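See structure below.
The shown structure was predicted, so the numbers you read here are calculated from the model rather than taken from an experiment. FYI, the numbering just counts along the sequence from 1.
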Amino acid sequence: MLPQFTITRFSAARSFTFLLLFLTFASQAQQQPVTWPVGKSGFTAKLMNIEAATNETFRYSTTLHNGSASARIYELKADLPVGWMIAYKVDGSQVTSINVDAGKIQDIAIEINATAMASPKKYTIPVKAIAGSDTLSLNLEAVVKGSYGLTLSTPTGRVSDEVTSGSQKELQLTVRNSGTLSLNDLQVTAQLPTGWESTFEPASIKQLEAGKSMDIKVTVKVPDKTIAGDYAANFTATNSNTNSQIAFRLLVKTSLLSGWVGFLVILAAIGVVYYLIRKYGRR
């Protein structure tokens, strides 16, 4: 029994050692920089295929290698679908051409924006770096998965109302998914005058399918002694992909009781003045 146990333990230790060596070599291989053939230029990308919505930016990390014996100025060009836009950035600055020394490499960030009307499908975008008769080509793929759209409005289209100082007002908002992709975890928030409060029902929308809408009841509480006049209330619907805002105008009026109290105070003041005049005016 003892020799068999020893052999089994030795086999397990040897297998573990081989596994450890394999992982070490694999890690070192991943950390090795890309090597270029001597005298050969190249244009590569870390990720050739990127998926995004029409209102998002397709971002590619590319590397340009000048394998010639002299420095070269490469002009950057792309064949884009109609209405699309592209930007080349080096160290955060936008460029249209880049000077690369002999035998050196240059990292270039490429940002592509599709049109809002782009159909959901895969687009191939040829990108070229041209230096004289030397043309380096790179085919990028942009997969448009749809669009995110959000509209915040009211059921009637009315964006103004009246409210009495010291009371609360119920408003109705409508959140509509105007895109082609579902919207998740929607939140509606309010920007109100100082001291005002608001509550929402429902407080959040977990998911809103494309083309669907949902009504939200907003209760706005106006503090006591709020001065009469026009006030702005801004409401925003947002999630991680998009947002929409609506401005609401609220006309604050004083309560009838407050008006009568003010009127009585004025009458009392007039009465006091009249009394003082009658009493001391004859002396």
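- Between the side chains of S182 and E209, at least one donor N or O sits under 3.5 Å from an acceptor N or O.
- For N241, the side chain to side chain contact (heavy atoms under 4.5 Å, CB included) criterion is met by E56, Y148, N239, not counting sequence neighbours.
- When atom types are taken as modelled, the side chain of N66 and the backbone of V100 share a donor-acceptor pair closer than 3.5 angstrom.
- Although no hydrogens or angles enter the test, the distance criterion places no donor-acceptor pair under 3.5 Å between the side chain of T238 and the main chain of N243.
- By the rule that hydrophobic residues join a cluster once side-chain heavy atoms approach within less than 4.5 Å of another member, V127 and I73 end up as members of separate clusters.
- Cluster annotation: V90 and L140 are assigned to the same hydrophobic cluster (Ile/Leu/Val/Met/Phe/Trp/Tyr, side-chain heavy-atom contacts under 4.5 Å, transitive).
- The main-chain N or O of R176 is never found under 3.5 Å from a side-chain atom of S213 such that the two would form a donor-acceptor pair.
- The side-chain heavy atoms of N234 and I246, taken from C-beta on, include no pair separated by under 4.5 Å.
- Both L250 and I227 are assigned to one and the same hydrophobic cluster, defined by single-linkage of ILVMFWY side chains at heavy-atom distances under 4.5 Å.
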Trace of the side-chain contact (heavy atoms from CB on, under 4.5 Å) decision for T164 with T254: CA-CA 6 Å; T164 303; T254 55; over 6 Å; no

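- Of all heavy-atom pairs spanning L76 and V95, the tightest one is CD1-CG2, 4.3 Å.
- S93 and D91 form no side-chain donor-acceptor contact under 3.5 Å, judged by distance and modelled atom types alone.
- Counting heavy atoms from C-beta outward, F43 and Y74 have side chains that stay 4.5 Å or more apart.
- Nearest heavy-atom pair across K145 and L181 is O-CD2, 3.2 Å.
- Taking OG from S137 and CD1 from I130, the interatomic distance works out to 8.0 Å, rounded to the nearest 0.5 Å.
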Full working for side-chain contact (heavy atoms from CB on, under 4.5 Å) between V218 and V220: CA-CA 6 Å; V218 185; V220 177; 4.1 Å; yes

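- Taking CD1 of I112 as the reference point, atom CD1 of I125 lies at 3.5 Å (rounded to 0.5 Å).
- Here the side chains of R158 and S160 are in contact, with some heavy-atom distance below 4.5 Å.
- When atom types are taken as modelled, the side chain of S68 and the backbone of S70 share a donor-acceptor pair closer than 3.5 angstrom.
- Nearest heavy-atom pair, A114 versus F58, reported as atom, atom and distance to 0.1 Å: CB-CE1, 4.4 Å.
- Connection of L80 to M48 is established within a shared hydrophobic cluster, with ILVMFWY side chains joined at heavy-atom distances below 4.5 Å, either directly or through further cluster members.
- Shortest non-hydrogen contact noted between T226 and S165 is N-OG, 3.0 Å.
- Screening residues 226-251 for salt bridge (charged side-chain N to carboxylate O under 4.0 Å, His left out) gives D230-R249 as the qualifying pairs, with residues at least two apart or on separate chains.
- Here CD1 of I216 is found 13.0 Å from OG1 of T154. Values are rounded to the nearest 0.5 Å.
- For N177 (side chain) and L208 (main-chain N/O), a donor-acceptor pair under 3.5 Å exists by modelled atom type.
- Between D134 and L136 the shortest side-chain heavy-atom distance falls below 4.5 Å.
- F200 has its side chain out of reach of T219: every pair of non-hydrogen atoms, C-beta onward, lies at least 4.5 Å apart.
- Here Q245 contributes atom CD and T189 contributes atom OG1; the two are 8.5 Å apart, rounded to the nearest 0.5 Å.
- Side-chain atoms of T63 and D107 form a donor-acceptor pair, as typed in the model, at a separation below 3.5 Å.
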Full working for side-chain contact (heavy atoms from CB on, under 4.5 Å) between L186 and L150: CA-CA 10 Å; L186 281 166; L150 180 62; 3.8 Å; yes

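- Using modelled atom types, one side-chain atom of Y60 and one backbone atom of E141 make a donor-acceptor pair closer than 3.5 Å.
- You'll find the side chain of V159 stays beyond 4.5 Å of the side chain of F235, heavy atoms only.
- Applying the ring pair (Phe, Tyr, Trp, His ring centres under 6.0 Å) test to residues at least two apart or on different chains, the pairs with a partner in residues 110-145 are W84-Y123.
- M85 CE: 12 or fewer foreign heavy atoms inside a 6.0 Å radius.
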Stepwise side-chain contact (heavy atoms from CB on, under 4.5 Å) check, N49 with K122: CA-CA 9 Å; N49 180 293; K122 182 173 70 175; 3.9 Å; yes

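- To the nearest 0.5 Å, atoms OG (S198) and CG (L171) are separated by 10.0 Å.
- Inspection of the D215 and Q172 side chains reveals no N or O donor paired with an N or O acceptor under 3.5 Å.
- Atom CG of L64 sits about 10.5 Å away from atom CZ of R72, to the nearest 0.5 Å.
- No side-chain heavy atom of Q191 sits less than 4.5 Å from a side-chain heavy atom of T236.
- The number of heavy atoms from other shown groups lying within 6.0 Å of CD (E111) is above 12.
- Both L183 and M214 belong to a single network of hydrophobic side chains, linked directly or stepwise wherever heavy atoms of I, L, V, M, F, W or Y lie under 4.5 Å apart.
- Using a 4.5 Å heavy-atom cutoff, the side chains of Y88 and T96 are not in contact.
- Heavy atoms only, all atoms of each residue included: H65 and I105 are closest at CD2-CG2, 3.4 Å.
- Across all non-hydrogen atoms, the minimal contact from A237 to V175 is CB-CG2, 4.4 Å.
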